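Following: one structure in structure tokens, then a few remarks.
Being a predicted model, the structure only gives us computed values, none of them experimental. Heavy atoms only: backbone and side chains are in, while hydrogens, waters and symmetry mates are out.
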Amino acid sequence: PPASVATADATAVAARIVGLPNRVCAAFVVGLAPSAASGLRNAVAGDRPGLLVVTEVDAATAALAAATVTSLRRRGVPPRAGRVVLTHPTRHRCWGRC
């Protein structure tokens with residue numbers, strides 16, 4: 001079952017993730033600012049190497065990149081010929097919290 005932590009304190013969230021049973025191999029974190037999420041990922045990696053930490057910013061970035069690559073392919077642009085660049089991060093709810 002999902003574990004819930006009702007705080008935006010990255011240190012507390014990291015401690016909770018590190019304390020999860022060893023059978024847990026991934027954590028999806030929602031609600032932290034991008035800088036806090038990055039710090040959380042580094043803190044977890046230091047204590048639990050190999051535990052995958054995915055944030056909402058990661059998920060949104062992957063979705064945006066996939067949509068862009070799909071759009072480029074539909075226009076005949078081959079893979080690796082296009083580049084994805086994020087501009088104006090403040091216009092997106094997730095990236096704007098930097």
With a 4.5 Å cut-off on side-chain heavy atoms, are Leu51 and Ile17 touching? yes
Closest contact, heavy atoms only, Ala14 versus Leu40: N-CD1, 3.5 Å
Check for a donor-acceptor pair, side chain of Arg48 on one end and backbone N or O of Leu20 on the other, with a separation under 3.5 Å. yes
Reported CG-to-CZ distance for the pair Leu52 and Arg41, which is rounded to 0.5 angstrom: 8.5 Å
With distance as the sole test, does Thr68 use its side chain to make a donor-acceptor pair with the main-chain N or O of Leu64 at under 3.5 Å? yes
List the atom of Ala36, the atom of Leu32, and the distance in Å for their closest heavy-atom pair. CB-CB, 4.3 Å
Calculate, to the nearest 0.5 Å, the distance between atoms CG and CZ belonging to Asp58 and Phe28 respectively. 8.5 Å
Do Val29 and Val53 have side chains that get closer than 4.5 Å, going by heavy atoms? yes
Walk me through it: do Thr70 and Arg74 pass the test side chain to side chain donor-acceptor pair (under 3.5 Å)? CA-CA 6 Å; Thr70 299; Arg74 287 183 182 148; 6.0 Å; no
Rounded to the nearest 0.5 Å, what separation is found between the CG atom of Asp47 and the CG atom of Asn42? 11.5 Å
